[in-house]
Number of protein chains: 2
Amino acid sequence: MIDANHPALKSWVEVPKGSDFPIQNLPFGIFKTKYLSAVAGVAIGNHVLDLVYLHENGYLDGLGLPSGIFNQKYLNDFFALGRKMISTVRNRVSELLRHDSDELNAAVREIALVPMNEVQMLMPVRIGNYTDFYSSEEHATNVGSMFRDPKNALLPNWKHLPVGYHGRASSIVVSGTDLHRPKGQVKPVDAELPVYCPSHKVDFELEVAFITCTETKLGSSISTKQAEEHIAGLVLFNDWSARDIQQWEYVPLGPFLAKNFGSTMSPWVVTLDALEPFRVKGPDQLPEVLPYLSYDGPRNFDIQLDVFLQTEKSEATTISRSNFKYMYWNMCQQLAHHTVNGCNIQVGDVYASGTISGPSPGSYGSMLELTWNGQKPLQMPDGSERKFIEDGDTVLIKGFAEKDGVRIGFGECKGKILQAI
Amino acid sequence: MIDANHPALKSWVEVPKGSDFPIQNLPFGIFKTKYLSAVAGVAIGNHVLDLVYLHENGYLDGLGLPSGIFNQKYLNDFFALGRKMISTVRNRVSELLRHDSDELNAAVREIALVPMNEVQMLMPVRIGNYTDFYSSEEHATNVGSMFRDPKNALLPNWKHLPVGYHGRASSIVVSGTDLHRPKGQVKPVDAELPVYCPSHKVDFELEVAFITCTETKLGSSISTKQAEEHIAGLVLFNDWSARDIQQWEYVPLGPFLAKNFGSTMSPWVVTLDALEPFRVKGPDQLPEVLPYLSYDGPRNFDIQLDVFLQTEKSEATTISRSNFKYMYWNMCQQLAHHTVNGCNIQVGDVYASGTISGPSPGSYGSMLELTWNGQKPLQMPDGSERKFIEDGDTVLIKGFAEKDGVRIGFGECKGKILQAI
């Protein structure tokens with residue numbers, strides 16, 4: 001049997017050139033249609049494969065799946081079966097979709113394959129806990145240069161541990177959900193007192209998040225070596241931020257209302273299995289990290305990340321091109337650090353990378369950096385300029401890994417900012 | 001009908017003098033016994049009243065309760081019925097327990113009343129989101145004096161908004177759960193590099209938390225006037241903290257591993273109804289707050305809070321006596337601020353006050369303040385001294401409101417620190 005990542009694999013499902021979802025990907029998500037409410041599916045080309053139908057009709061027999069496992073609002077219970085079972089199901093789906101397989105006959109194909117334009121994607125997981133890291137050296141350096149001291153942009157702890165903080169799980173929404181501009185307290189530089197108003201500095205943050213598939217016991221830790229066994233897969237993530245609110249509120253306990261008005265994630269969970277061919281070595285880490293943060297092998301992933309901005313009057317235009325491989329701290333280090341104190345993890349937890357900026361200005365992952373806090377506005381095709389995100393603007397994040405003619409994509413992470421209520 | 005808070009009310013259940021749970025209290029919790037697994041109950045004296053039994057046998061008929069509402073692992077679904085239904089159930093339970101009621105006959109009383117020493121209390125709610133505020137002026141001033149500048153102890157934002165941050169929901173445990181001393185990175189003052197070791201500065205934080213009973217829509221806000229309609233009740237809360245880990249990690253995004261190794265909450269949710277007689281005016285707020293934070297009427301609560309420390313060799317000894325009434329920012333302001341940007345809330349969310357310190361040194365709510373960062377160790381009855389919490393030490397928080405001979409108590413919020421794994 002050829003493995004599910006082999007570049008030569010083809011499916012009997014037509015996969016258009018440039019699609020994010022060839023047979024080598026097979027990400028998991030939750031979708032609904034006019035007829036189906038919240039069931040699990042797998043993306044293939046421009047279609048979604050209905051896992052409930054396959055399971056109920058015996059096509060997933062023998063894998064050891066509990067009954068009803070895909071007929072749920074969230075993937076949590078499926079993910080809780082573990083990395084191995086996630087691989088097993090992906091491999092089986094791969095078999096069923098291969099061009100030389102006729103296990104699914106024409107009638108079954110007609111029912112089990114739903115055109116993507118007939119589905120609505122929902123949140124893939126019920127998120128118990130959400131953590132946001134700050135793991136891009138370029139991003140931390142840019143922010144430190146802007147607000148502190150360009151000569152000492154990184155704080156003393158930054159190269160010794162993956163700085164992270166807890167975020168709000170309740171306000172994470174799936175791609176396509178519009179968000180209202182937040183209101184809040186800001187303190188204009190020339191004012192003596194703070195004022196209450198809509199944020200004038202709404203920003204996006206280009207991030208990638210991983211989702212855990214295990215529940216650990218309080219008091220136990222996960223090593224960098226074991227970490228990937230706890231990760232179901234990755235999604236794209238936009239950690240919307242209100243910079244003016246953030247600047248006033250964040251001392252001494254960190255960002256709060258500047259972030260929790262909403263975060264957007266892409267609906268398809270791309271497995272680590274599918275991303276296996278795209279492992280790359282991360283940046284050298286100097287000073288040397290403490291032993292609990294040391295790791296073996298390539299733990300970064302070469303995933304190109306593009307950010308598009310669409311105004312009410314202009315088409316989407318690329319405003320940033322970055323890459324997940326730039327991360328200074330990798331996911332194994334993040335998870336090891338997160339649990340080194342005994343903090344327990346749960347199935348469906350989301351761990352975002354922090355803004356992923358690359359070395360060049362065109363690869364910066366936020367408006368704050370792209371426009372250098374509004375000093376260098378972006379020129380839009382409609383003739384307007386942007387310092388930050390304006391009402392009616394849509395931010396679209398896309399991401400894909402590509403090699404040997406195979407493109408493993410993430411779909412869309414998209415959100416529009418509406419005017420403040 | 002006399003209202004459920006009337007001081008003259010008596011129950012046919014014997015309520016020992018000094019009990020936290022007279023008929024005027026009737027807090028809700030989740031308990032299990034040798035025979036029952038995770039059901040909802042109400043505390044009365046030294047007993048727990050089994051709500052599942054009452055409900056299944058018709059004693060709660062006519063209230064409009066869904067079937068099976070109390071036969072659940074958590075109170076979330078019951079709380080989701082709203083403040084009014086919580087009041088209705090408390091009032092009905094009050095009726096059934098009054099000394100002149102014979103609705104529950106001897107046989108029913110025998111089954112429905114379980115002695116507290118035969119039950120194990122569990123987490124009352126499934127916590128979706130956990131926020132910790134920083135709302136005691138004395139605490140913020142003490143910390144600011146110690147680590148920044150005694151002359152400018154409060155940061156500029158502190159009197160303009162209730163500073164808060166997100167914490168970790170997964171590691172909140174119920175009273176009685178032991179926790180291991182966390183390990184992590186600390187940077188000794190005289191060292192060039194950080195080291196990995198067990199924390200040497202494990203601390204408690206005396207807090208009170210409120211639990212929400214509604215789900216709001218992303219984009220909507222809660223006014224200070226509406227806020228209490230969203231609050232099911234209060235619990236005691238110990239936000240354990242590792243000060244040495246915190247000091248190294250917390251810039252610029254706030255505390256993380258210093259907190260998320262565990263937090264302890266008391267199991268009984270004391271309703272706002274039961275606390276109604278204990279409303280008091282909060283501290284004057286100057287400078288004047290922005291309109292969205294202004295409020296009417298007394299919104300603080302006079303709840304005495306005691307902290308006891310028990311070492312392996314000595315009995316529990318009082319180390320702090322504080323009061324919830326000292327809070328500068330009240331719960332209505334906290335909830336209004338939290339949602340002013342459109343952040344949505346969910347049923348079972350926990351919102352902790354932040355350390356509650358009073359004006360005198362004996363009322364400080366953490367070892368950090370009581371010992372002034374270890375400079376003035378506490379003397380224990382066994383002859384030892386304490387700068388911070390040592391292995392084998394148990395911290396017990398108790399709290400009660402008292403007036404007209406009625407004591408509305410919270411039970412225990414207790415946890416022992418075990419040695420690092």
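In what follows, chains are A, B, ... by sequence order, proteins preceding strands, each numbered from 1. These figures come from a predicted structure and were not determined experimentally. Note: hydrogens, waters and symmetry copies are ignored here, and every other heavy atom, side chains too, is used.
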Count the heavy-atom pairs under 4.5 Å between each of [options] and chain B, then report the option with the highest count.
options	value
A:P287, A:P194, A:G128	A:P194
A:Q346, A:H180, A:Q185	A:Q185
A:N129, A:L218, A:I245, A:T339	A:N129
A:G144, A:P255, A:A140	A:P255

Donor-acceptor contact present, side-chain B:S171 to main-chain A:C343, <3.5 Å:
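No.
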Keeping the roles fixed (side chain from B:R168, backbone from A:T131), state whether a donor-acceptor pair exists under 3.5 Å.
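No, B:R168 side chain to A:T131 backbone: no donor-acceptor pair under 3.5 Å.
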Which one, B:Y250, B:Y130, B:W158, B:Y134, leads in non-hydrogen pairs under 4.5 Å with chain A?
B:Y134
With chain A as the partner, which of B:P198, B:G164, B:G262 has the greatest number of non-hydrogen pairs under 4.5 Å?
B:G164
Between [X] and chain A, with a heavy-atom cut-off of 4.5 Å, which part of the residue counts as in contact: side chain, backbone, both or neither?
X	result
B:I421	side chain
B:V143	neither
B:P156	both
B:D132	neither
B:L293	side chain
B:F261	both
B:L257	both
B:F133	side chain

Provide the closest heavy-atom pair for [X] versus [Y] in the form atom of the first, atom of the second, distance.
X	Y	result
B:N157	A:V251	ND2-O, 3.0 Å
B:V195	A:L290	C-CD1, 4.0 Å
A:V340	B:Y196	CG2-CE1, 3.3 Å

Is the shortest heavy-atom distance from the side chain of B:P252 to the side chain of A:R148 under 4.5 Å?
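Sidechains of A:R148 and B:P252: in contact.
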Indicate yes or no: at least one non-hydrogen side-chain atom of B:W248 is less than 4.5 angstrom from one of A:H160.
yes
Within a 6.0 Å radius of atom [atom1] on [X], are there more than 12 heavy atoms belonging to other residues, nucleotides or ligands?
X	atom1	answer
A:K201	NZ	yes
B:K73	NZ	no
A:Q226	CD	yes
B:Q247	CD	no

Using heavy-atom distances under 4.5 Å, tell me whether [X] contacts chain B through its side chain, its backbone, both, or neither.
X	answer
A:L161	both
A:L253	both
A:L179	side chain

For the pair B:H166 and A:F256, name the ring-plane relationship: parallel under 30°, tilted 30 to 60°, perpendicular over 60°.
tilted
